[in-house]
Amino acid sequence: MITLSQIRENPEQVIQRLAIKHIDAIATIHQILDLDDRKKTAQKKLDDNLSQSNAIAKEIGIIFKQGKAADADLLKEKSANLKNVAKELSSEFDRLKEELDALLVALPNVPHSSIKPGRTAEDNEIIRSSGEVFTKEAAPLPHWDLSARYDLIDFGLGSKITGAGFPVYKKQGARLQRALINFFLDQALAAGYQEIQPPYLVNEASAFGTGQLPDKDAQMYYVQLDDLYLIPTAEVPVTNLYRDQILKVDDLPVKNVAYSACFRREAGSYGKDVRGLNRLHQFDKVEIVQITRPEYSYRTLEEMVQYVTGLLEKLELPYRVVKLCGGDISFASAMTYDMEVFAAGQQKWLEVSSVSNFETFQSNRMKLRFKDETGKTALAHTLNGSALALPRIVAALLEDNQTAEGIRIPAALIPFTGFDFIK
RNA sequence: GGAGAGAUGGCAGAGUGGUCGAAUGCGGCGGUCUUGAAAACCGUUGACCUCUUACGGGGUCCGGGGGUUCGAAUCCCUCUCUCUCCGCCA
């Protein structure tokens with residue numbers, strides 16, 4: 001969530017930036033400032049009251065030690081009166097604090113100054129494209145036809161044992177999937193990331209920390225019996241590893257990579273690009289997470305984009321880098337780049353990675369701080385990105401490398417698959 | 001799932017209901033000594049909120065929440081987590 005000091009220091013700027021995300025925050029921001037003032041006043045009153053009570057308690061302690069217990073009665077009465085007042089002051093303070101927090105938690109992150117105020121994905125800015133979009137076949141097939149032809153993925157079987165959106169990978173399809181996971185992890189390791197294997201279920205505090213709660217609770221599967229959420233991305237457990245921590249400067253940057261299955265309910269998205277692997281309830285993803293000092297976070301963001309496009313180049317996939325506009329950027333993000341690959345069979349660009357800088361939005365929620373060389377503590381910046389999401393990569397690999405004889409495997413992947421052709 | 005024990009500062013580990021934000025040790029930081037380092041010695045070392053231009057105050061925090069009391073790290077209730085034993089089991 002946005003920090004109070006951010007709002008106090010420059011409320012106009014916060015309002016203007018939120019307008020880029022198409023949020024009219026004028027009333028809310030003024031309400032926040034007003035509540036904050038009232039909260040402070042209430043706190044001062046309460047603190048003064050408690051201070052008096054503390055003094056009296058100490059005095060009574062001394063009297064007791066001197067063995068003059070009877071003399072304490074008057075003070076006791078005085079203290080009791082103070083306590084009655086304190087109760088009211090305290091509940092007033094709590095009420096204001098709750099009201100204030102509720103407003104703060106509901107506000108999305110302030111976008112970076114460079115973010116353009118577009119409405120939809122149509123308005124996103126294409127930063128760069130990798131060369132030509134190739135189509136070797138005259139009439140390339142979509143991956144769902146290819147995976148049926150070569151028996152790689154069985155959607156019907158997944159529906160039978162679970163439901164729609166839970167495909168079963170088979171034979172070379174399953175091996176390709178495993179090869180990609182290993183390839184991505186090895187690449188990340190070589191780039192200096194530390195490997196993590198996180199839990200796939202998280203508690204409420206974790207889901208809140210990265211911003212899934214309370215905003216996107218309909219997106220997560222919830223296990224009611226144990227009050228746990230299935231992770232929609234490894235970002236949630238891997239970032240929350242550092243919740244309530246004060247890191248040393250030497251610990252930064254934290255660079256973690258994790259493979260995990262991801263679970264998304266995708267409520268409300270039925271009928272929209274849901275064919276084949278395009279949108280699933282369960283999918284595999286390798287995620288990179290970084291925690292940096294504020295002054296380095298945007299450099300890190302660019303570096304992460306470079307890293308991800310490097311992967312796409314090794315996979316020989318045509319891609320483009322898209323910078324999201326205000327209307328398309330997520331609740332928690334200050335800046336996001338999407339990487340898209342071209343799937344020849346569908347003649348469509350598919351989003352395979354989303355790399356974001358959250359600045360202090362997540363770290364403020366989870367109290368993730370670092371102590372600089374002068375001994376001052378400050379909120380760290382958090383970033384993450386898919387590197388990469390498997391299903392759409394598989395879709396593009398199948399569609400873009402199809403030939404009449406079968407499907408070619410890119411050279412970089414062959415050591416991991418153990419085969420160079422799908423027949 | 002059943003029975004028991006526990007949760008204190010970066011770590012280890014004391015703590016009688018009263019001046020305890022908390023002994024002590026280790027670690028960290030600064031200094032003395034040294035050509036330099038180590039050792040030794042001395043000092044210092046939590047987070048958050050808030051008042052004040054400043055100097056400097058006040059408040060909260062001993063796993064979370066609630067209660068008893070003039071006063072709680074210490075007593076009571078409750079939740080969570082950890083450990084030990086038993087049961088079940090990949």
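Below, chains carry the letters A, B, ... as their sequence lines are ordered, and counting in each starts from 1.
Between A:Tyr307 and A:Tyr193, the ring-plane angle classifies as tilted under the 30° and 60° cut-offs. In this structure, A:Phe166 and A:Tyr221 have tilted ring planes: the angle between them lies in the 30° to 60° band. Between A:Tyr229 and A:Tyr222, the ring planes are tilted. Angles from 30° to 60° get that label.
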- Where protein sits on nucleotides 43-57 of chain B, one letter per nucleotide: B base, S sugar-phosphate only, - none, heavy atoms under 4.0 Å: ---SSSBSS------
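The nearest whole Å value for the distance from the NZ atom in A:Lys248 to the P atom in B:rG27 is 14 Å. Rounding to whole angstrom units, NZ of residue A:Lys58 and C1' of B:rU19 are separated by 5 Å. Atom CD1 in A:Ile56 sits roughly 15 Å away from atom C1' in B:rG18 (whole-Å rounding). One can place CG of A:Leu50 at 16 Å from P of B:rC70, the figure rounded to the nearest angstrom. Put simply, NZ on A:Lys367 is 15 Å from C1' on B:rC61, counting in whole angstrom units. If you measure from atom CG of A:Asn54 to atom P of B:rC20, you get 13 Å, rounded to the nearest angstrom.
Taking the charged nitrogens against the carboxylate oxygens, A:Asp151 and A:Lys171 do have a contact shorter than 4.0 Å, which makes a salt bridge.
The partner of B:rA12 is B:rU24, judged by Watson-Crick or G-U wobble contacts that both fall below 3.5 Å. With a cut-off of 3.5 Å on both Watson-Crick or G-U wobble distances, the partner of B:rC85 is given as B:rG2. Base pairing annotation: B:rA40 forms a Watson-Crick or G-U wobble pair with B:rU32, both donor-acceptor distances under 3.5 Å. In this entry B:rG18 has B:rC70 as its Watson-Crick or G-U wobble partner, both defining distances falling under 3.5 Å.
Under a cutoff of 6.0 Å and an axis angle of 45°, A:Arg365 and A:Phe208 form a cation-pi pair.
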Distances under 3.5 Å between nitrogen or oxygen atoms of protein and nucleotides 71-80 of chain B:
from	atom 1	to	atom 2	distance (Å)
B:rG71	OP1	A:Lys83	NZ	3.1

Write down the protein N/O and nucleotide N/O pairs, taken from nucleotides 7-9 of chain B, whose separation is under 3.5 Å; answer none if there are no such pairs.
none

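B:rA3 and B:rU8 are spaced 25 Å apart, taking the P atom of each and rounding to whole Å. Taking atom P on both B:rA37 and B:rU24, the two are 29 Å apart, rounded to the nearest angstrom. The C1' atoms of B:rU69 and B:rC77 are separated by 16 Å, rounded to the nearest whole Å. Taking the C1' atom of each, B:rC76 and B:rG21 are spaced 25 Å apart, rounded to whole Å. For B:rA40 and B:rU34, the C1' atoms lie 12 Å apart once the distance is rounded to whole Å. Taking the C1' atom of each, B:rG9 and B:rG28 are spaced 13 Å apart, rounded to whole Å. Comparing the P positions of B:rA72 and B:rG64 gives a spacing of 16 Å, expressed to the nearest Å. When the P atom is used for both B:rG43 and B:rG57, the distance is 22 Å, rounded to whole Å.
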- Query: Can A:Asp420 and A:Arg408 be said to form a salt bridge (Lys or Arg N to Asp or Glu O under 4.0 Å), step by step?
  - Reply: CA-CA 6 Å; A:Asp420 58 6; A:Arg408 191 183 68 87; over 6 Å; no
- Decide salt bridge (Lys or Arg N to Asp or Glu O under 4.0 Å) for A:Arg149 and A:Asp145; before the verdict, give the C-alpha distance in whole Å, the side-chain angles of both, and the deciding distance to 0.1 Å. CA-CA 6 Å; A:Arg149 174 183 295 182; A:Asp145 287 341; over 6 Å; no
- Please assess A:Tyr242 against A:Asn256 for the test side chain to side chain contact (heavy atoms under 4.5 Å, CB included), listing each intermediate value before the final yes or no. CA-CA 11 Å; A:Tyr242 304 92; A:Asn256 284 333; 2.8 Å; yes
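Applying the ring-ring contact (aromatic ring centres under 6.0 Å, His included) rule to pairs touching residues 80-120 of chain A yields A:His112-A:Tyr298, sequence neighbours excluded. The side-chain hydrogen bond (donor to acceptor under 3.5 Å, both in side chains) analysis of residues 93-105 of chain A, with sequence neighbours excluded, yields the pairs A:Glu92-A:Arg95, A:Arg95-A:Glu99.
By the side-chain hydrogen bond (donor to acceptor under 3.5 Å, both in side chains) test, A:Gln194 pairs with no residue at all, sequence neighbours left out.
Between the side chain of A:Thr300 and the backbone N or O of A:Tyr296, at least one donor-acceptor pair lies under 3.5 Å.
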